[in-house]
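First up is the structure itself, then whatever we jot down about it.
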Amino acid sequence: MELYKLQASELSQMLQNKDCSSVELTKSVLGRIDAKEDEIGAYLSVDREGALKKAAQVDERRAKGESLHPLAGIPVGIKDNICVREMPATCASKMLENFVPPYDATVIEKLNKTDCVYLGKLNMDEFAMGSSTENSAFKKTKNPFNTDYVPGGSSGGSAAAVAAGEAIVTLGSDTGGSIRQPAAYCGVVGLKPTYGSVSRYGLIAFASSLDQIGPIGRSVRDLAMTYSAICGRDPMDTTTVSREYPDFTKNLKSDVKGLKIGLPKEYFAEGVTADVKEAIMKVAKEYEKMGATLVDVSLPSTDYALSAYYIIASAEASSNLARFDGVKYGYRTESFGSLEELYENTRSEGFGNEVKRRIMLGTYVLSSGYYDAYYKKAKFTQQLIQQQYADAFTQCDLLLTPTTPDTAFKIGENESDPVKMYMNDLLTVMINIAGLPAISMPCGFDGKKLPIGCQLIGSKFSEQRLFDTANCYEQLVGGFDLSATLQ
Ligand code: GLN
C-alpha cells in the first residue's frame, strides 16, 4: 500500500507503531507530488527540503520515546493565503508574488505544536475570490476526477491535493463556500467552522466578518483531528470566542438515533440538478433508517442570500484590499509620476479582473447615496437569515442539504459570466452570513462520474454533532470513494 493513499488517522497509528517513519511517508507524498503536479497543479510552492528535515526530526524524537501529537509527522498542505514563516504567501496574486511573511498565522503556531510536516502552499483564486481556482494569477488547478473540469474554489488547490494524494490533509479558508464547494467537487470532506472558533490572525483578509480557516481531508476523523488542533480563542483575534474546545476525535460517535434532521425546502428548489437532489435524498433516507427523523423546514430568505453575500463580502474586500497601494509592501508599479499614479498603476497592474470587480462593487455599495440602498439592506437581510436559521434549529438538530446545485463545471465554462459563477455559491454563502458551522461530505457521483457533495449545517459550536453525523454516514458507506483519484 502506498502511504500517500492513507488517512491521517491511519498513518498516525502506523507512525506510533513504527510501521512506517515520517521520512518514508513524506517521501511518498513528495513522490506523488512529482508524479501528479504537472497534471493537477495544486501547489504554488513546495518546500521539499523543509518537509524532509522536519520529518527526520519527528522520527528522531519518536525513536527517543517522546510522546507526540497524533498529527506529528503527517504531511500537511496550506492554502496560500495563510502565513507560514519564511514560506511565500502570494494569495495567488501578482500583488503578493514576492511576499514572504516573517511570522506564522495563529493556526500555524498551533499546528507547529503538533509537529506536523508542511509540504508547501496551495493554489487558490486570487485573494480567495472565486469558485473555480481559475482566478489564480499563476496557474489553473485541475479536478483530479477529470482534468477537463475545475476543482472548485477558492480553495481548489487544497481540495485537489487531498483528492489526488498530494497531501494527507490541508487547510483552506471559507468566506462563502471556499472549503465546502471545492471539497464537494473533488470528493473529499471539508469543514467550515463556526465563526469565531478559529483564529484569523495571519489569514490574509478577504471579508473579515465571514472568513474562517478550516480543514479538508479524506475522512471525518481526519477533519476532527485537524480542527481540534487549530481551534480556540486567540488574543490576536478578538472575534475568537473563549469556551471549552474539546478533542473532537475522543468522543467521535457514529450514531444518529433520535436526531432530528431538517430538510430546508429552498435548498432543493429550481437550479439544483436531479442527480444532486436524488443523491442528497438518498443520504436523508439512510439517516432515517439509522434512527433519525426527517423534518421539513423552511428558510424563506434563501433567495436573497446570494445578493446579500456579494454586497457584504465585496464591501469588506474593498476596505481590506486598500492596503495594497505600492507603498507598504507587495507589488509596486515601475512607472509613475505622482502619488496618485503610483496607487493607480500599482493596483491596475497588480490585481486581476475578479479582484478589481469586487473592489469596484464594494466601493460602490459603501459610497454615500448607495450605502442605504445596498449595504444597509444587505446587513438587514443578514439579520433575517440569522433569525430564520435560529427558528429552523428549534425544529431540528441540524440541516441536510446539497453543498452545490450541480457537480464541477468545465474549465473556462463560466469564466466570461461572473453571475453564473456566483450561482455556485447559492447553497453555501448563507452559512457564512449566519456564522454557522457546516461540513461537506461526498455522497456518490453523477452521470459524468463527478462527485456530489452533501452539506450538514449545525447551530453555532455544534461541530461535534456535525462530525458524529457525517462519521455515521462515512461508516455506513465504508469510507469515501477516492479509488478513481488515488491510483
Ligand atoms: N466563491 C465565493 C466568492 O467568490 C466564496 C469565496 C470564498 O469562500 N473565499 O466570494
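Atoms within each ligand, like the ligands themselves, are counted from 1 in listed order.
- Among Tyr422, Tyr375, Tyr304, the single residue meeting the ring pair (Phe, Tyr, Trp, His ring centres under 6.0 Å) criterion with Tyr310 is Tyr422.
- Two rings, from Phe409 and Tyr149, have their centers 6.0 Å or more apart.
- When only interatomic distances are considered, the shortest N/O to N/O separation between Gly176 and ligand 1 falls below 3.5 Å.
- Looking only at heavy atoms of the protein, atom 2 (C) of ligand 1 is closest to Asp425 OD2, 3.1 Å.
- Between Ser173 and ligand 1, not a single N/O pair is under 3.5 Å apart.
- Set against the non-hydrogen atoms of Ala128, the atoms of ligand 1 under 4.0 Å away are 6 (C), 7 (C), 9 (N).
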Derivation of the side-chain contact (heavy atoms from CB on, under 4.5 Å) call for Tyr43 and Lys121: CA-CA 6 Å; Tyr43 282 89; Lys121 304 299 292 291; 5.9 Å; no
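- Of all the heavy atoms of Glu354, none lies under 4.0 Å from any atom of ligand 1, so neither backbone nor side chain is involved.
- Annotation for ligand 1: atoms under 4.0 Å from non-hydrogen atoms of Gly130 are 1 (N), 2 (C), 3 (C), 4 (O), 6 (C).
- Residue Tyr310 approaches ligand 1 through these ligand atoms, each under 4.0 Å from one of its heavy atoms: 1 (N), 2 (C), 3 (C), 4 (O), 10 (O).
- Phe324 does not carry Arg347 over the face of its six-membered ring by the limits of under 6.0 Å from the centre and within 45° of the normal.
- Aromatic ring centres of Phe206 and Phe127 lie farther apart than the 6.0 Å criterion allows.
- Under the 4.5 Å side-chain criterion, counting only non-hydrogen atoms from C-beta, Arg180 is not in contact with Thr404.
- Protein heavy atom closest to atom 7 (C) of ligand 1, with residue, atom name and distance, is Ser178 OG, 2.4 Å.
- Ligand 1 lies less than 4.0 angstrom from a heavy atom belonging to Tyr309.
- Some N or O of Thr175 is nearer than 3.5 Å to an N or O of ligand 1, by distance alone.
- Heavy atoms of Phe206 found under 4.0 angstrom from ligand 1 belong exclusively to the side chain.
- Heavy atoms of Gly177 come nearer than 4.0 angstrom to ligand 1 in at least one pair.
- Heavy atoms of Ser154 found under 4.0 angstrom from ligand 1 belong exclusively to the side chain.
- A cation-pi arrangement is absent between Lys356 and Phe351 under the rule of less than 6.0 angstrom and at most 45 degrees off the ring axis.
- The shell of residues lying under 4.0 angstrom from ligand 1, judged by heavy atoms, excludes Gln181.
- The closest side-chain heavy-atom distance from Leu259 to Ile261 is below 4.5 Å.
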